[in-house]
Amino acid sequence: MRYISMVFFALLAACSGTMTGQVRGTGEQVQFNYEQGLDHDIYTARIGSENFTGKAIMDGSGSTYATAWGNDFANIFGSTTTNRFIAVLLGDQGNSLNCQMRYADSSGFTNAGGVGVCKHSDGRIIDIVW
C-alpha cells in the first residue's frame with residue numbers, strides 16, 4: 001500500500017498543462033502553464049515581455065479532529081476540499097497577477113479543467129479556461 005501511495009503522489013506531482021487566457025476588451029491571448037503539486041500548483045504566464053511565476057492554493061479547505069466517548073472511545077478526523085483556488089503570480093518587471101480559479105474537480109486536480117479570472121496590477125482583467 002505504501003508503494004501505491006508513493007506512485008500516486010509521484011504521478012500527481014508530474015501533471016502539467018496549459019490554460020488559455022484572454023485580456024478583456026483587447027482580446028490579447030495569454031497562455032498560462034501549470035504544474036500540479038501535492039499542496040499547491042505552480043503557475044507561469046507571459047504577458048507582453050513580462051514573465052510571471054506564482055503559486056495557487058486551495059481557498060477554503062479545512063480539517064476537523066474530534067474525540068468521542070460513548071460505548072467506545074473514538075478519534076474522528078475529517079477533511080474537506082474545495083474547487084476554489086487563489087493564486088498570486090509575480091512578474092519579473094514588477095507587476096503582479098491576483099487570480100481566483102474554479103477547478104472542475106473538487107479534489108483539486110488541475111488537469112480536469114476549470115475557469116478563472118486574474119486581475120493584473122495595471123487593472124487589466126484576464127479570463128482563463130482550461
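Please read all numbers here as calculations on a predicted model, not as lab measurements.
Atom OG1 of T82 sits about 7.0 Å away from atom CG of D59, to the nearest 0.5 Å. To the nearest 0.5 Å, the span separating CD on E50 from CG on N95 amounts to 4.0 Å. Annotation: the span from N111 atom CG to Y34 atom OH amounts to 5.0 Å, rounded to 0.5 Å. Atom CG of L89 sits about 7.0 Å away from atom OG1 of T53, to the nearest 0.5 Å. Atom CE of M58 sits about 9.0 Å away from atom CG of N83, to the nearest 0.5 Å.
Contacts of D105 classified as salt bridge (charged side-chain N to carboxylate O under 4.0 Å, His left out), with partners at least two apart in sequence or in another chain: none. D39 pairs by the side-chain contact (heavy atoms from CB on, under 4.5 Å) definition with nothing, not counting sequence neighbours. Every residue two or more places apart in sequence or in another chain was checked for a side chain to side chain donor-acceptor pair (under 3.5 Å) with T26, and none qualifies. Taking the side chain to side chain donor-acceptor pair (under 3.5 Å) definition, one finds that S106 meets it with nothing, sequence neighbours left out. With sequence neighbours excluded, no residue forms a salt bridge (charged side-chain N to carboxylate O under 4.0 Å, His left out) with R46.
Between V23 and V30 the shortest side-chain heavy-atom distance falls below 4.5 Å. Side-chain atoms of I86 and R84, non-hydrogen and from C-beta on, never get closer than 4.5 Å to each other. I47 has its side chain within reach of I126: a pair of non-hydrogen atoms, C-beta onward, lies under 4.5 Å apart. Residues F85 and T110 form no side-chain contact, since every pair of their non-hydrogen atoms from C-beta on lies 4.5 Å or further apart.
For residues 118-130, every residue pair satisfying the salt bridge (charged side-chain N to carboxylate O under 4.0 Å, His left out) rule, not counting sequence neighbours, is listed here: R24-D127, E28-R124, D122-R124. Within the structure, salt bridge (charged side-chain N to carboxylate O under 4.0 Å, His left out) contacts touching residues 87-98 (residues at least two apart or in different chains) do not occur.
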Show every donor-acceptor pair shorter than 3.5 Å between a side-chain atom in residues 97-104 and any protein atom, with sequence neighbours excluded, or say none if there are none.
residue : atom : partner : partner atom : Å
Y103    : OH   : D41     : OD2          : 2.7
Y103    : OH   : Y43     : OH           : 2.7

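Side-chain contact annotation: Q31 with T18, donor-acceptor N/O pair under 3.5 Å absent.
Between the side chain of E35 and the main chain of I42, no donor-acceptor pair closer than 3.5 Å is present.
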Stepwise side chain to side chain contact (heavy atoms under 4.5 Å, CB included) check, I125 with V117: CA-CA 7 Å; I125 303 294; V117 63; 3.4 Å; yes
- Task: Kindly indicate, with the supporting measurements, whether the criterion side chain to side chain contact (heavy atoms under 4.5 Å, CB included) is fulfilled by V88 and K55.
- Result: CA-CA 6 Å; V88 174; K55 290 183 180 181; over 6 Å; no
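Across all their heavy atoms, F52 and H120 have their closest contact at CZ-NE2, 3.7 Å.
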